[in-house]
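What follows is a single structure, written as structure tokens, with notes after it.
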Amino acid sequence: MPLGKLAVRLTRLPCRVEFEMEYKNTLNLPQTDFPMRAGLVQREPERLAKWYAEGLYEQIQKRREGAERFLLHDGPPFANGDVHIGTALNKILKDFILKYQSLRGKQVPYVPGWDCHGLPIEFKVTQKMRKDGNTDATPAAIRKACEEYALGFIDKQREQFKRLGVLGEWDNPYLTLNPDYEAEELRLFADLVEKGFVYRGKKPVYWSIPCRTALAEAEVEYQDHISQSVYVKFPIVGESNMYLLIWTTTPWTLPANLAVAYNSQFDYQLIRVGEEAFIVSVPLLDIVVEKCGWAGDFEILRTVQGDQMAELEYHHPFCNRTGKLFAGDLFVDDSAGTGLVHIAPGHGQDDYNLGRNNGLPVYSPVDDKGCLARTADLPDEQQISDDLVGKQILSKNGKSEANEAVIEVLKSDNKLAFQESYEHSYPHCWRSKSPVIFRAMDQWFVNIDHDGFRDKALAAIDSVNWVPGWGRNRIEGAVQSRPDWCISRQRSWGVPIPAFYDAQGEPILDHRIVRNTADLVQQNGSNIWFERELADLWETVKPANWDGPDAAGKSTDTLDVWIDSGSSSRSVLMQRIELGRPNTEAGSPDAWQADYYLEGSDQHRGWFQSSLLLSLAGNGIAPYRNVLTHGFMVDADREKISKSKQDGGYSKPQTAEAYIGQYGADIVRLWVASQDFRNDITVSEERIKKVAEAYRGIRNAFRYQLSNLYDFDPAKHTVSDNDLTGLDRWILDCFSKVDSDVRESYEKCEFHIVYQRITQFVSVELSAVYHDTVKDRLYTSPSNSIRRRSTQTTLYRLVQGFSKMLSPILVFTADEAWESIPHLDSSCVHLTDWDPFEFCISDNEASNWKAMFAIRERIMPVLEEARRAKQIGKGLEACVSLSGVGNEFQIAQDHHEDLRELINVSQLSLNEGESDPLEIAVSKAAGEKCERCWRWETSVGSHNDHITLCSRCVEAVS
RNA sequence: GCUUUCGUAGCUCAGUUGGUUAGAGCGAUCGUCUUAUGAGCGAUAGGUCGGGGGUUCGAGUCCCCCCGAGAGUACCA
């Protein structure tokens, strides 16, 4: 270092700090109020309050008046309990779609709904009533309490849903308990009655003993259950000590036994064991013999062909009657048991079918309480003896009174050949979680095969777009195999079935009566049915020219809740004008059919199906065009939890509130977006934390962009596309590709792709390349230089596009960012239009950048090497030398300054040489570090007024 | 039991009609900067594509079997 310069610097040393500060003030350092820390938990509610004060949802609707409508119909959650995290997932996914479609220009109304009737609520309410000693409440009183209960939870859930950032008609939702809703539901029911779908029949249905009601398929869930498996001796008529050996896992159904089924394709054998002889199927002989302990102690007497079995008759093991054998090839198999199947037509579907085909009565000697009883179906003397009457079927502490009693009777008469515990999955009541029983009783049914309805339903399924595709198989399978729909419930909290009974006890169900009742309900609510006296009610709803029998009693049954929610297309979509499509033919499917239904995959047997069947029966068409399905919330370490439960255990929070309260809605929303919802969604601390980190990345990008726009006024400073610097043009081109990719993913509802695309763009192209590179010109170039304004023009466009594309997901943060963008017309990102982001560079320009990035790729490791060797620290201390020939060298030469900037070094020297590919060398940069811009320049020290600055900075500060 | 979906780095996802040595981001680790600083930049490690067969010149991709997870469902007599 020349002595002179050193002297100068030394003399200035005491003042150096002062000068640095001074020069620092000449930089255009970033400024913004947009905080790095989000404080979502605290600040989201503030923004929410503002939105509702300003009526944001209404403003959004107003802006889109006359636009094409996009209709997503909300599936109603139960008005019971806090919002579960899975329910929140569902609402958030819906909101992604709603916000996206709205932003893209459609009018997107959203009417949330609640399912208000049904067992879940009545169960809770009556439970509380019992606790309070109120055991004989009238149906009307129970209903009042249920309504209060439901409305209370609707208020609670409404706030929890709003907190998620979901916008909609929260003040005017649809409730299945609204009189208008109930009335339309009854009118739909009247259509079904008129068209001949509804009949009363006696057949086995699921029966919940604790809930004392019939259940639908969608109301049972499978759980493991231990049953008593018994092998029973049925004495053969006309023989002594000769028995059929039958197997059952439900001994309590033996009193209902009316027949035995065999498989005509099997061979059976008569075997002798001591003084007794048994008929057992050949394929199962070995197992039976072993279980009964007869091994080595029996002899085969003869073989009986299956088709000879029909000639046999047997004595019921403990009732005074006989039964016959029938072929049941469809269901008698050789996988377990004895090959001889005990048949109780009142307690099983196959049994029922076999009984009906052979003229057996539907005998179900069980009362509503779940106790064994005598019925009018058989003469008293043929039924169970007194010691069995009143025995409870439902097991307590693993023991069923009825099973025990039956087994005891069998034992005492030496009719029990073998007994063991048998673990299998068994249907349970979804409310009481106790095993259901099959029990035949009089119920109302919808005939699924009426007038080819099942085939029509299958055809309708085919006309709908199911996403993911396997949803089609699911619902097809469900519809194909479903039995008739049992729609009556012996409960109070529901829409009444407007049926009467005549003096003989015969039911009266007439579509005119149903419609009259609907009108009555519309005016008074459905409580009227329970409150009014029979005579009064009958006079009110009886058709004018009624010539049938008069009513002697009214039905107290209510409709299955799946009829409630399933008729929402009729009660909501076809009624609400804001949910219709104007300019379409009134009443045509186009006028009301929903674009989307979106629910969890369990709804294939639930709401998707009930909605389809009811809409099809009533309106002749499916209620939806697209059906989206999401998986369930699963616990990532479910196994770990159950394991750790053994040592103390802990439980994961289940409510949405727990997560929102800890992370804020935007993080939860981003987490929902981050995973492919068509599979199950993993809830784990680790996962949410990762998402929170990604959020910080996005937020920082916002902050960087916003903080460099503080002095930018687009009206004055915008640089035209052609005058933008190459790097600006490059990032805008990148962004337009991101924009179109993201739009495509939103269209396909692939939000996890949106997430991946955006977060990866943020960390690679934006943060590591563009933001990092452009820092120098933003900070050090003269504030009004075209170079700086070019980049600000670019940032200004990026930040707007970025806010928009994120706004369906990060509803709060995107709006917060939007507010910080200077000079905008619109005050809220949700009140903007997302038009495609148009920017395209030529192929030539693109390929130049591609080449420069390729060169950069190769320079990086060399720089890193120099850094490791302590030759340089930051990149600006380096001089990179490239030498070579050819196209690559030519591009480097043509874009010398762009390339230097891109690799973020102070100097880039290019030397024509022989080497191809380029030869790369790194050395310490020449000159000295400029105090202002930190670049190493040979011009530093040559300006007397600013001895520590480079030429560019001298110019910038003067 | 039957039907069905799923199984790619620690995490979340890509992986086109089968086609080089299976990719990305994040995280982790190490380094670097101190003009985005509870930030930024760089580098490194990480996979027998659940396992095993088969078809093929070639399989993460197609076929079969098995294992594991989820869901649906049954008449388990």
Side-chain angles (χ1 to χ4, degrees), chain A residues 24 27-30 32 36-37 204 217 220-222 227 229 246-250 253 257 260-261 328 330-333 335-344 347-354 422 424-427 438 468 470-471 473-475 477-478 481-482 600-602 604-605 631-632 634 636 638-639 671 674-676 678-680 682 684 686-687 689-691 693-694 696-697 700-701 703-708 750 752-753 755-764 767-769 771-772 775-776 778-780 860-861 863-865 867-868 872-877 904 932-934:
Chain A
K24 193 168 175 176
L27 293 171
N28 313 299
L29 290 180
T32 181
M36 177 169 282
R37 296 201 60 194
E217 280 71 31
V220 302
E221 52 194 32
Y222 287 82
S227 293
S229 163
I246 66 97
W247 177 55
T248 180
T249 58
T250 49
T253 62
N257 174 277
V260 166
L330 284 177
F331 58 91
V332 178
D333 61 39
S335 62
T338 61
L340 291 171
V341 173
H342 140 66
I343 294 295
H347 292 297
Q349 193 62 42
D350 278 343
D351 305 50
Y352 171 81
N353 293 337
L354 185 135
Y422 184 77
H424 56 160
S425 93
Y426 189 88
F438 280 95
W470 50 259
N473 299 343
R474 282 283 291 280
I475 191 159
S481 62
R482 69 159 303 146
S601 59
D602 54 337
H604 284 108
R605 66 164 184 172
F632 292 102
V634 296
R638 173 171 292 176
E639 292 189 4
W671 160 63
S674 75
Q675 298 184 74
D676 186 348
R678 294 166 298 194
N679 299 322
D680 288 345
T682 311
S684 73
E686 185 193 16
R687 182 63 207 144
K689 285 199 168 135
K690 293 279 160 60
V691 169
E693 274 158 22
R696 262 178 250 134
N700 265 325
R703 185 171 139 93
Y704 178 93
Q705 298 184 339
L706 293 168
S707 66
N708 284 297
E750 292 177 340
H752 64 293
I753 305 290
Y755 172 87
Q756 299 268 341
R757 188 72 172 93
I758 292 180
T759 53
Q760 295 190 16
F761 171 74
V762 164
S763 55
V764 181
S767 184
V769 178
H771 284 174
D772 198 44
K775 240 167 25 176
D776 177 73
L778 285 170
Y779 296 172
T780 69
M860 287 307 198
L863 279 171
E864 183 63 17
E865 216 171 286
R867 198 170 284 130
R868 275 181 197 283
I872 57 164
K874 63 186 302 185
L876 285 177
E877 287 174 39
N904 247 321
R932 182 169 173 275
C933 71
W934 292 359

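Here is the naming used below: chain letters follow the sequence lines, and residue numbers restart at 1 for every chain.
- Across the interface with RNA chain B, nearest-nucleotide mapping of W470(A) and I753(A) shows W470(A) to be the residue nearer the 5′ end.
- Atom pair L863(A):CG and rU32(B):C1' shows a separation of 12 Å (rounding to whole Å applied).
- A sub-4.0 Å separation between OP1 or OP2 of rG27(B) and a side-chain N or O of K689(A) is absent.
- Between the C1' atom of rG15(B) and the CG atom of D676(A) lies a distance of 14 Å, rounded to the nearest Å.
- Atom-to-atom, CD1 of I872(A) to P of rU32(B) comes out at 12 Å; the value is rounded to the nearest Å.
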Distances under 3.5 Å between protein N/O atoms and the N/O atoms of nucleotides 41-45 of chain B, please, pair by pair.
from: rC41(B); atom 1: OP1; to: S767(A); atom 2: O; distance (Å): 3.2
from: rC41(B); atom 1: OP1; to: S767(A); atom 2: OG; distance (Å): 2.6
from: rC41(B); atom 1: OP1; to: A768(A); atom 2: N; distance (Å): 2.9
from: rG42(B); atom 1: O2'; to: E864(A); atom 2: OE1; distance (Å): 2.7

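- Interface remark: the Q760(A) side chain does form a donor-acceptor pair with the rA24(B) base, using a distance-only criterion of under 3.5 Å.
- Rounded to whole Å, the C1' atom of rC49(B) lies 11 Å from the corresponding atom of rG15(B).
- Under a 4.0 Å N-O distance rule, the pair E686(A)/K690(A) qualifies as a salt bridge.
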*asked:* The test is ring-ring contact (aromatic ring centres under 6.0 Å, His included); show your working for H771(A) and Y704(A) and say whether it passes.
replied: CA-CA 8 Å; H771(A) 284 174; Y704(A) 178 93; 4.1 Å; yes
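- As a whole-Å value, the separation of F632(A) CZ from rA71(B) C1' is 7 Å.
- A salt bridge links E864(A) with R867(A): the closest approach of a Lys/Arg side-chain nitrogen to an acidic carboxylate oxygen falls below 4.0 angstrom.
- Side-chain atoms of R605(A) and R474(A), non-hydrogen and from C-beta on, never get closer than 4.5 Å to each other.
- Between the CG atom of N679(A) and the P atom of rG70(B) there is a distance of 14 Å, rounded to whole Å.
- Spacing between atom NZ of K690(A) and atom C1' of rC13(B) amounts to 13 Å, rounded to whole angstrom units.
- For rU12(B), its base sits under 3.5 Å from the side chain of Q756(A) at one donor and acceptor pair at least.
- For E693(A) and rU12(B), the CD to P distance is 14 Å, given to the nearest whole Å.
- To the nearest angstrom, P of rU37(B) lies 12 Å from OH of Y704(A).
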